[in-house]
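One structure below.
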Amino acid sequence: MSVEPRHITIERRVRFAVLEPCERPATEIWFALHGYHQLAHRFLRHFQPVHEGARCIVAPEGLHRHYVDHESRKVGASWMTSEDRLTDIGDYVGYLDRLHAHVIAEESRQTSGRAAPPRIVGLGFSQGVHTLCRWLAFGCARIDRAILWGATVPPDLDLSEHGATLSAADLHLVVGDEDEYYDRAAIEAHEARLRAAGAAFTSHTYSGGHRLDGEVLRRLAEPGEIG
């Protein structure tokens with residue numbers, strides 16, 4: 001018996017969470033991509049330190065939900081697994097492109113198109129870093145700054161082909177000095193790989209482990225730090 005995997009395309013609804021700007025028109029929109037086991041609306045709680053002024057923060061949710069703890073029925077989401085990975089990558093890149101276009105169009109509608117286009121910041125945390133990098137490489141959305149937090153560029157992403165794309169997005173690397181997944185040697189190897197490909201970046205560290213840090217977020221969000 002021969003079993004042949006096949007695919008069809010379907011319509012489905014996807015979920016995302018938003019911290020609306022305190023002022024309009026929005027001058028900056030962040031797309032915050034969560035890590036493994038996280039959900040979009042919970043992930044946004046970490047962005048309260050930078051939710052101010054005309055900044056809008058959007059958190060897309062990974063397309064794959066699962067039980068993190070069956071006993072408590074706690075649910076998390078992920079962006080992909082190793083199973084049928086190329087299909088999942090194509091799906092989430094298309095999803096993020098469409099969400100980007102939707103958010104920009106909605107913002108333009110609310111301001112009647114009178115405002116200048118907002119600056120776009122993409123932040124990926126943990127598994128969301130790989131998602132953000134592939135979105136930059138294979139998608140068509142405009143990202144003015146890319147923040148890779150708590151993970152490295154995917155090992156299988158060809159930097160000889162896509163390194164310039166990452167550099168063009170004003171690349172920033174962030175990792176805690178006690179991150180349990182990435183020690184100093186791993187980070188140095190990651191930075192060396194980017195340099196070898198000619199990809200420009202800025203590195204940031206903080207005291208702590210595999211988590212977002214409010215003070216670093218505030219520093220990255222300061223007007224002088226963007227642009």
Side-chain angles (χ1 to χ4, degrees), residues 9-68 73-81 85 87-111 115 117-151 169 174 211-212 214 217 220-221 226:
T9 299
I10 65 170
E11 287 292 327
R12 62 164 291 182
R13 288 179 291 180
V14 296
R15 187 167 71 170
F16 63 99
V18 181
L19 288 173
E20 293 283 359
C22 302
E23 304 169 5
R24 274 211 155 83
T27 58
E28 195 172 283
I29 299 176
W30 287 39
F31 287 88
L33 309 184
H34 65 77
Y36 186 61
H37 280 345
Q38 295 181 312
L39 293 176
H41 63 283
R42 295 175 185 159
F43 186 56
L44 276 188
R45 298 171 187 171
H46 299 287
F47 291 84
Q48 289 294 342
V50 295
H51 179 224
E52 57 191 8
R55 180 176 297 117
C56 176
I57 306 176
V58 180
E61 191 162 275
L63 297 174
H64 303 272
R65 295 193 193 101
H66 56 269
Y67 285 111
V68 176
R73 309 288 282 178
K74 182 180 178 181
V75 173
S78 69
W79 292 99
M80 62 176 293
T81 67
R85 60 189 302 279
T87 300
D88 285 347
I89 290 170
D91 284 348
Y92 71 57
V93 168
Y95 155 38
L96 293 172
D97 273 348
R98 289 182 65 179
L99 178 60
H100 179 283
H102 169 83
V103 171
I104 299 300
E106 181 67 12
E107 184 60 33
S108 179
R109 184 188 67 78
Q110 293 197 42
T111 59
R119 186 179 298 274
I120 307 299
V121 177
L123 182 149
F125 172 70
S126 196
Q127 189 191 44
V129 168
H130 284 201
T131 304
L132 176 58
C133 289
R134 293 186 178 113
W135 184 22
L136 286 166
F138 306 125
C140 58
R142 173 177 60 86
I143 304 291
D144 299 306
R145 163 166 288 192
I147 302 170
L148 313 185
W149 196 310
V174 187
R211 60 171 176 78
L212 292 174
L217 278 173
L220 285 167
I226 298 291

Non-hydrogen atoms of [X] and [Y] that approach each other most closely:
X	Y	answer
Asp97	Gly139	OD2-CA, 3.4 Å
Ala169	Leu136	CB-CD2, 4.0 Å
Ala26	Pro21	CB-CG, 4.1 Å

Flag, side chain of [X] to backbone of [Y], donor-acceptor distance under 3.5 Å:
X	Y	value
Arg55	Val50	yes
Gln127	Ser78	no
Glu61	Arg15	no

Taking the side chain as C-beta and beyond, is there a heavy-atom pair between [X] and [Y] under 4.5 Å?
X	Y	answer
Ile104	Pro117	no
Thr87	Met80	no
Tyr92	Leu33	no
Leu123	Leu217	yes
Phe125	Leu212	yes
Val14	Leu99	no
Ile29	His100	no
Arg134	His130	yes

Handout entry: Spacing of Phe16 atom CZ and Phe31 atom CZ [to the nearest 0.5 Å]
Key =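 So the CZ of Phe16 and the CZ of Phe31 are separated by 9.0 Å.
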Problem - Pairwise side-chain hydrogen bond (donor to acceptor under 3.5 Å, both in side chains) hits with a residue in residues 31-47, at least two apart - result: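 Applying side-chain hydrogen bond (donor to acceptor under 3.5 Å, both in side chains) to every pair that reaches into residues 31-47, excluding sequence neighbours, yields His37-His66.
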Handout entry: Pairing residues for Phe43 by the ring-ring contact (aromatic ring centres under 6.0 Å, His included) criterion, not counting sequence neighbours
Key =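 Testing Phe43 for ring-ring contact (aromatic ring centres under 6.0 Å, His included), a comparison that skips the adjacent residues, returns Phe47.
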